[in-house]
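Quick caveat: nothing in here was measured; it's all calculated off a predicted structure.
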Protein chains: 2
Amino acid sequence: MARAIAHTNIALVKYWGKRDAALNLPATGSLSLTLDGFYTDTTVTLGGETDRLTLDGTAASDAETARVSRYLDLVRDLAGRTERAQIESENHVPTAAGLASSASGFCALALAASSAYGLDLDPRALSVLARRGSGSAARSVFGGFVRMDKGVRDDGEDCAASPIATPAGFDLCLLVVRCATGRKKVGSTVGMNSTEQTSPYFPAWVETHDADMRAAEAAIAARDLDALGATMEHSTLKMHASALAAQPGLWYFRPVTLAVMDAVRALREEGVTAYFTMDAGPHVKVLCRAEDGEGIADRLSQIEGTRGVSVCRPGPAARLVDG
Amino acid sequence: MARAIAHTNIALVKYWGKRDAALNLPATGSLSLTLDGFYTDTTVTLGGETDRLTLDGTAASDAETARVSRYLDLVRDLAGRTERAQIESENHVPTAAGLASSASGFCALALAASSAYGLDLDPRALSVLARRGSGSAARSVFGGFVRMDKGVRDDGEDCAASPIATPAGFDLCLLVVRCATGRKKVGSTVGMNSTEQTSPYFPAWVETHDADMRAAEAAIAARDLDALGATMEHSTLKMHASALAAQPGLWYFRPVTLAVMDAVRALREEGVTAYFTMDAGPHVKVLCRAEDGEGIADRLSQIEGTRGVSVCRPGPAARLVDG
């Protein structure tokens, strides 16, 4: 038996597009911030006739169980083991937060399962394994700022995340502004594939990505929140623009998403340092100084149509609780 | 004295970016539909000490008068004349419709002024002259569907509009859904320049534009509204996506713009043929079959935040009323 906790993360420089679907290798790198508030707590217990999965105490669907079982096959292959397992996973994410539970979920599963099957993986190897479940899960292995390399090898063994040191005094927070309830209409993998195959802007998205990675890393080293925020906004707008130019055009923004983006720009015109980023969904995440977080959250929660704002701080690396 | 009427037009395949700012030469061609409902009625009377301009019966600002006076200098140069003029211009466009009054305005001015100064320009030469005032004005010389070529000559003499025949039975209308009041924050020339100079997607916008022109012309010839609509949506989304990827990112959409775009997509899922296009402003124009216009207008006018819907039909070429 092994139990692990992994926190979710938000990409500041976005990942969008795959260079290999089977191995889940990204077309670009990414740079993220792991969050303290939201995490998945997963226990893997070996034994039984089949793999069984419970999510938040309820038996999972056959499709969900099959996806996790295929993932466990990867771990069993690595470990040379064959036992089935019972997986109990609890998501500590507010309902409808719209945060990618696959990031914390597959990272916690990778850590708990590899430990339960007797593997002793270093963080980099754990990141490679987590990536097979979900591209963003590779980043949740580490706390704080994280860099994900796209790698160049066909087998993906050089496609792993690594931590970026946070300079002393660079105290940030990230607000999660919920802009809708319910499931989104187009999942991120479908959106990526459509963009890659039909958007005339996808090649320029890939070509200009490394410059954003370098700019973001330099901004972190220089503790320059304005430079980091400007790069973050440019990255998310390029990602969404590449999808908008797909055929048919694809947008994850809801009307209230735009209202929050407008409000963040208006805050900056008033001299408040705040920058937005949006993933493949309607919600807006806002990066700001730690001391400004509550005040900005109050402001943004007054926008009609928003469904609450969570104030998050940088979070820790994934860890084993037992095992 | 000469008086001319010119109707406004909406680009179905968009113009965005200039290859020569001084001569107002576009980076791409465009394809438009002239509308019946909205027009400018302009009278030019020679005489007086200075050029004087009234807009809708009110003396224009010094800046507006100076812009028109510089434009009249082009006409006077062509005609070898020097007299000053009185210009009276009336815009028959609903308040806050957000339709480009520069298209109908500069086209009516080009026609009335060239006639008043004794020039007898053929439609193509009139289109070249109108373009010097506003890129979209070149298209308002003609009625119905109009093609604008970007041309390749440095002097712009091959950058002119020409009519596209509408096949019999291809009866369309275009709804103008007003999504805001007040002036937009970023004008189209500023937005184009910023996109051209800072957006990594601008080169692909230019490179893929000819294919959209060909697809739209083929769709018109085939009376294929779905093909025309799909090309129209792709063109506007690419234009707006190129601006979104500028630095800083630029969006003309308001929250209600997105709500109308979503509603048009929902109509199509219900089997109603309707497609959207947006210019450098918040309003949405919807292309549909003539017989569906009133019904769709009713539906869209119920969306919260919209400020009225105008049902337009294809409109006529610019014409002299007196002169």
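With hydrogens and angles ignored, the 3.5 Å screen pairs no side-chain donor or acceptor of B:Y201 with any backbone N or O of A:F202.
The parts of B:S242 that come within reach of chain A are both its backbone and its side chain, each placing non-hydrogen atoms under 4.5 angstrom from that chain. Both the backbone and the side chain of B:W205 come within contact range of chain A, each with at least one heavy atom under 4.5 Å from a heavy atom of that chain. Neither the backbone nor the side chain of B:A230 comes within contact range of chain A; no heavy atoms are under 4.5 Å apart. At a 4.5 Å heavy-atom cutoff, the contact between B:A246 and chain A is made by backbone atoms alone.
Other residues, nucleotides and ligands contribute over 12 non-hydrogen atoms within 6.0 Å of the CD atom of B:E291. Heavy-atom neighbours of A:R254 CZ from other residues, nucleotides or ligands within 6.0 Å: at or below the threshold of 12.
Nearest approach of B:P200 to A:A204, heavy atoms of both residues: O-CB, 3.5 Å.
Every residue was checked against the salt bridge (Lys or Arg N to Asp or Glu O under 4.0 Å) condition with B:D292, not counting sequence neighbours, and none meets it.
Within residues 261-278 of chain A, the residues having any heavy atom less than 4.5 Å from a heavy atom of chain B are, in residue-number order, A:M261, A:D262, A:R265, A:E269, A:F276.
Atom NE2 of A:H234 is separated from atom OG1 of B:T198 by 7.5 Å, given to the nearest 0.5 angstrom. A distance of 10.0 Å separates CD in A:Q247 from CG in B:L237, rounded to the nearest 0.5 Å.
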